[in-house]
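Below is one structure, written out as structure tokens; the observations come after it.
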Amino acid sequence: RLLPPRGMRPRPATFRHRPLQTSLCPPPPAFAAPRLAVRSLVPRRPFSAAPGGGPGGGGPPPRRSMAMLAGFSIVSLGSFYVVTLARSYLERPASSDHAPVAPAAEVTRRAFLDVSVDGRPAGRIVLGLYGDVAPRTVENFLGLSRGFVKDAGTWNQERVSFEGTPFHRVIPGFMIQGGDVTQHNGMGGTSIYGSKFRDENFKLKHSGAGVLSMANAGPDTNSSQFFITLGPTGHLDGKHVVFGVVLEGWEVAKMIESRGSRSGSVKGKVLIEKCGILDEVS
């Protein structure tokens, strides 16, 4: 083996092991620079569930945030309460306290309507009819109260009556309307004289609550629909034929009124379960 001379042989080097520190490695934890807390840049989490507390962690929220939240909640609840009150006032039925008027003419016949509200019996309304003032109109109402056969002797004959029909339009403080024996929604109706018959006369007035009058779609368009007034309605004079008055069961009419609205729509089902004619009044 070829070796260099003795004097030229290198002496064994002695190495000291030092920790490797370069600019690519982070400094040891002991030499970490302190982090500046900039409150304006660090988002607060007042509702954080993280442990530790402090402005950026868990623990109780700052007092300022709680005050702002409480103020916002109070304003929101107040606004909701005001809107609810305003809506309930605008939608509140304008019910009346009028008692039914006394008969304006001699009552010759009496008819009754047994009413149910949402399937529960509500009571009976007894109506006095003015047969001497409006005989044709009264006879039509009596025929619909007892029921009659329409188109008798034909293949499409059917029994027509107020029974099972609804009070389809109720405006508190104004009137309750029913008698649509064909479509049950105010768009139909018929009479014992045909689909329509002429206005008989306008001798009697809509002087107050409890007046029984014919509903129509204009002059000479009477059929089966009728209404009972809940207060004075003088603007209907000369346009609708008055032929009766409520004698008994005004509390039932008031119950029907409570189911109405300013638009006329009825809450729930208000039906004439049974109807008929009482003994003749002498």
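Within a 6.0 Å radius of NZ in K269, other residues, nucleotides and ligands contribute 12 heavy atoms or fewer. Residue-environment remark: CZ (R198) stays at or below the threshold of 12 foreign heavy atoms within 6.0 Å.
Taking the ring pair (Phe, Tyr, Trp, His ring centres under 6.0 Å) definition, one finds that F202 meets it with nothing, sequence neighbours left out. By the side-chain contact (heavy atoms from CB on, under 4.5 Å) test, E273 is found to be paired with S116, L271, residues two or more places apart in sequence or in another chain being considered. Take S195 and apply the side-chain contact (heavy atoms from CB on, under 4.5 Å) test, not counting sequence neighbours, and it matches no residue. Checked against side-chain contact (heavy atoms from CB on, under 4.5 Å), I192 has the following partners two or more places apart in sequence or in another chain: E139, N140, F148. For E163, the side-chain contact (heavy atoms from CB on, under 4.5 Å) partners two or more places apart in sequence, or in a different chain, are S161, C275. For F197, the ring pair (Phe, Tyr, Trp, His ring centres under 6.0 Å) partners two or more places apart in sequence, or in a different chain, are Y193.
Annotation: the span from T190 atom OG1 to E158 atom CD amounts to 8.5 Å, rounded to 0.5 Å. The CD1 atom of I125 lies 6.0 Å from the CG atom of L113; values are rounded to the nearest 0.5 Å.
The salt bridge (Lys or Arg N to Asp or Glu O under 4.0 Å) analysis of residues 113-135, with sequence neighbours excluded, yields the pairs D114-R124, D118-R259. Screening residues 115-146 for ring pair (Phe, Tyr, Trp, His ring centres under 6.0 Å) gives F141-F162, F141-F226, F141-F243 as the qualifying pairs, with residues at least two apart or on separate chains. Pairs passing the salt bridge (Lys or Arg N to Asp or Glu O under 4.0 Å) check and including a residue from residues 168-183, sequence neighbours excluded, do not occur. Annotation: side-chain hydrogen bond (donor to acceptor under 3.5 Å, both in side chains) contacts involving residues 217-234, sequence neighbours excluded, comprise H168-Q225, Q177-Q225, D199-N222. Listed by first and then second residue, the salt bridge (Lys or Arg N to Asp or Glu O under 4.0 Å) pairs involving residues 202-213 amount to none (not counting sequence neighbours).
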Show me the donor-acceptor pairs within less than 3.5 Å that the side chains of residues 210-218 make with the rest of the protein, sequence neighbours left out.
residue : atom : partner : partner atom : Å
S213    : OG   : H206    : NE2          : 3.0
S213    : OG   : V241    : O            : 3.0
N216    : OD1  : G218    : N            : 3.2
N216    : ND2  : K239    : O            : 3.0
N216    : ND2  : H240    : ND1          : 3.4

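Shown here for L230 and G173, the closest heavy-atom pair between the two residues is CD1-N, 3.8 Å. G260 and K267 get closest at one heavy-atom pair: O-CE, 4.3 Å. Between G164 and H184, the closest heavy-atom pair is O-CE1, 4.0 Å. For the residue pair G264 and I171, the shortest heavy atom distance occurs at CA-CG1, 3.7 Å. Closest approach of H98 to G231, counting heavy atoms only: CD2-CA, 3.8 Å. For A99 against W250, the heavy-atom pair with the smallest separation is CA-NE1, 4.2 Å.
Inter-residue side-chain proximity for F227 and V170 is flagged as unmet; no heavy-atom pair is nearer than 4.5 Å. Between R110 and L247, the closest side-chain pair of non-hydrogen atoms falls below 4.5 Å. Two residues are said to be in side-chain contact when any heavy atoms from C-beta on lie closer than 4.5 Å; S261 and V266 fail this criterion.
A donor-acceptor pair under 3.5 Å is absent between the side-chain atoms of E257 and the main chain of P172, judged by distance alone. T182 places a side-chain N or O within 3.5 Å of a backbone atom of G189 that can act as its donor or acceptor partner.
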Practice task
Check the pair L129 / V107 against side chain to side chain contact (heavy atoms under 4.5 Å, CB included), numbers first and verdict last.
Solution key: CA-CA 5 Å; L129 307 179; V107 174; 5.7 Å; no
Exercise for the section: Just do the side chain to side chain contact (heavy atoms under 4.5 Å, CB included) check on V117 and F167 with the steps written out, would you? Expected result: CA-CA 10 Å; V117 177; F167 282 94; over 6 Å; no
Handout entry: Candidate pair V246 and L127, rule side chain to side chain contact (heavy atoms under 4.5 Å, CB included), full reasoning
Key = CA-CA 5 Å; V246 175; L127 301 168; 3.7 Å; yes
